[in-house]
Visitor: 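Got a structure for you, questions after.
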Amino acid sequence: IRRPPRSTLDRSSAASDVYKRQLVLSISVFAQEPDIEGYSSVYAQYSFCNLKEGKTFSDARPYIGEYVELANSFENDVNVGVLFPMLANEPDHDFFFVEHANSREEMGAYKDKMFSLIMATGNNEQLPMECNVNFSAFQRVGPSSFDELPEGRRIVKYWPCNYKSGFNRGEMRQARRQMSLEAFEAGAEFGYRYIIPNSGYDREDDTDYYLSSVAPSEEASGKNSDIWWSTSRNSEHMDVIRKNTSCGRSTTYMAFALKE
């Protein structure tokens, strides 16, 4: 998954330092899409980070822990995760954070409360990382082979995709839903979603959306690939998908839940 062009903040400003403590800076404006049977809606915010010279993720852990502690200090249903590149071609970030909410209002209320809590700490200490590139996204979540993911490391893949001329979004998504349900019956373990970048994203980027999948382990991810190559890729459902869209090569991340 690619981030938009790097933005900058006034590092001499204490307010800017506090904003960076928040990890996610932008206020979301989410895209709207028509409802499609078998899918639910999720709203997400992404923050891409790079460690400062000489710093490691261990240096960042205390600050991330403090953020998560604040996020858990009040009632909310926002999920927070961190992802690290595994199989990616020269990624321009060391890791990124993603936050999910079930509605725009829920995400906005969460951001309002987090901002007030972070400001109240009065801590302007310099972070060991820079997280100053962000965007929001509207997501359509398809069916999953599991009700809840197990704790620990998860494997997430992203494919950049583009619609073809005359595409039918509903037809394409229903075909993928049916193909996924058949893969689950064959033993595949994954969940998937369509990610439509919105506020903060590079409008000159030629990606229409990202397809993502999550597996509970590398073993499960490998099994999913085996089932894809042996069964799914030559199915009638995949023919329908190819008629409507094309996707590039995937990038693979390992993901960890910070708050669920």
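Scope of the values below: all heavy atoms of this structure, side chains included, with no hydrogens, waters or symmetry mates.
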Visitor: Rounded to the nearest 0.5 Å, how far does CG of D226 lie from OG of S232?
Guide: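 These two atoms lie 11.0 Å from each other.
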Visitor: One pair to check against side chain to side chain donor-acceptor pair (under 3.5 Å): N134 and S47. What are the steps and the verdict?
Guide: CA-CA 5 Å; N134 308 271; S47 183; 3.0 Å; yes
Visitor: Go through it in stages, so that I can follow the logic: the residues are Y163 and Y209, the test is ring-ring contact (aromatic ring centres under 6.0 Å, His included), and I'd like the CA-CA distance, side-chain angles, deciding distance and then a yes or no.
Guide: CA-CA 9 Å; Y163 294 118; Y209 67 92; 4.9 Å; yes
Visitor: Indicate yes or no for a side-chain donor-acceptor contact from K113 to the backbone of E75 under 3.5 Å, with no hydrogens or angles considered.
Guide: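 Pair absent, no side-chain N/O of K113 close to backbone of E75.
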Visitor: For Y110 and E99, which I'm curious about, is there any donor-acceptor pair between the side chains at under 3.5 Å?
Guide: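 Yes, a side-chain donor-acceptor pair sits under 3.5 Å.
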Visitor: Which residue pairs satisfy the salt bridge (Lys or Arg N to Asp or Glu O under 4.0 Å) criterion with at least one member in residues 182-193, sequence neighbours excluded?
Guide: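 Output for this query lists E189-K223.
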Visitor: Has K259 got more than 12 heavy atoms of other residues, nucleotides or ligands less than 6.0 Å from its NZ?
Guide: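 Counting other residues, nucleotides and ligands, NZ of K259 exceeds 12 neighbours.
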Visitor: Would you please test L211 and Y192 for side chain to side chain contact (heavy atoms under 4.5 Å, CB included) and show each step?
Guide: CA-CA 7 Å; L211 174 68; Y192 73 93; 4.1 Å; yes
Visitor: Taking only residues two or more places apart in sequence or in another chain, which ones pass ring-ring contact (aromatic ring centres under 6.0 Å, His included) with F84?
Guide: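 Only F57, F95 meet the ring-ring contact (aromatic ring centres under 6.0 Å, His included) criterion with F84.
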Visitor: How many angstroms lie between NE2 in H237 and OG1 in T231, if you round to the nearest 0.5 Å?
Guide: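 Here the rounded value is 11.5 Å.
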Visitor: Can you check whether Q45's main-chain N or O pairs, donor with acceptor, with S136's side chain at less than 3.5 Å?
Guide: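 No; zero donor-acceptor contacts below 3.5 Å.
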Visitor: Just jot down the side chain to side chain donor-acceptor pair (under 3.5 Å) partners of Q178, sequence neighbours excluded, or say none.
Guide: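 None.
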Visitor: Would you say that F97 contacts C49 through its side chain, given a criterion of any heavy-atom pair below 4.5 Å between the two side chains?
Guide: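 Counting from C-beta outward, F97 and C49 do come under 4.5 Å.
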Visitor: Can any side-chain N or O of E106 pair as donor or acceptor with the backbone N or O of N102 at less than 3.5 Å?
Guide: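 Side chain of E106 to backbone of N102, a donor-acceptor pair under 3.5 Å: yes, one is there.
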Visitor: Is the number of heavy atoms from other residues, nucleotides or ligands within 6.0 Å of CD (E171) greater than 12?
Guide: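 Enclosed: over 12 neighbouring heavy atoms sit under 6.0 Å from CD of E171.
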Visitor: Can you sort out the partners of R153 under side chain to side chain donor-acceptor pair (under 3.5 Å), two or more places apart, ordered by chain and number?
Guide: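 Counting only residues at least two positions away or on another chain, R153 forms a side chain to side chain donor-acceptor pair (under 3.5 Å) with E218.
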Visitor: Parallel under 30°, tilted from 30 to 60°, perpendicular over 60°: which one fits the rings of Y158 and Y253?
Guide: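 Geometry flag for Y253 against Y158: perpendicular rings.
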Visitor: Using side-chain heavy atoms (C-beta onward) and a distance below 4.5 Å, is F135 in contact with F48?
Guide: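 Yes, side chains in contact.
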Visitor: Quick check: does any side chain N or O of N244 sit under 3.5 Å from a backbone N or O of V240, one acting as donor and the other as acceptor?
Guide: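 Indeed, once roles are kept as given, a pair shorter than 3.5 Å links the two residues.
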Visitor: Indicate, with yes or no, if I227 and M238 share a hydrophobic cluster defined by side-chain heavy-atom contacts under 4.5 Å among Ile, Leu, Val, Met, Phe, Trp and Tyr.
Guide: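 No, separate clusters.
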Visitor: Applying side chain to side chain donor-acceptor pair (under 3.5 Å), name anything that partners K55, two or more places apart in sequence or on another chain.
Guide: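 Scan of K55 (side chain to side chain donor-acceptor pair (under 3.5 Å), adjacent residues dropped) gives none.
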Visitor: What residues, two or more places apart in sequence or in another chain, satisfy ring-ring contact (aromatic ring centres under 6.0 Å, His included) together with F190?
Guide: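 By the ring-ring contact (aromatic ring centres under 6.0 Å, His included) rule, F190 matches F184.
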Visitor: Distance-only, no hydrogens or angles: does the R233 side chain make a donor-acceptor pair with backbone N or O of W229 under 3.5 Å?
Guide: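 Judged by distance alone, yes, a pair lies under 3.5 Å.
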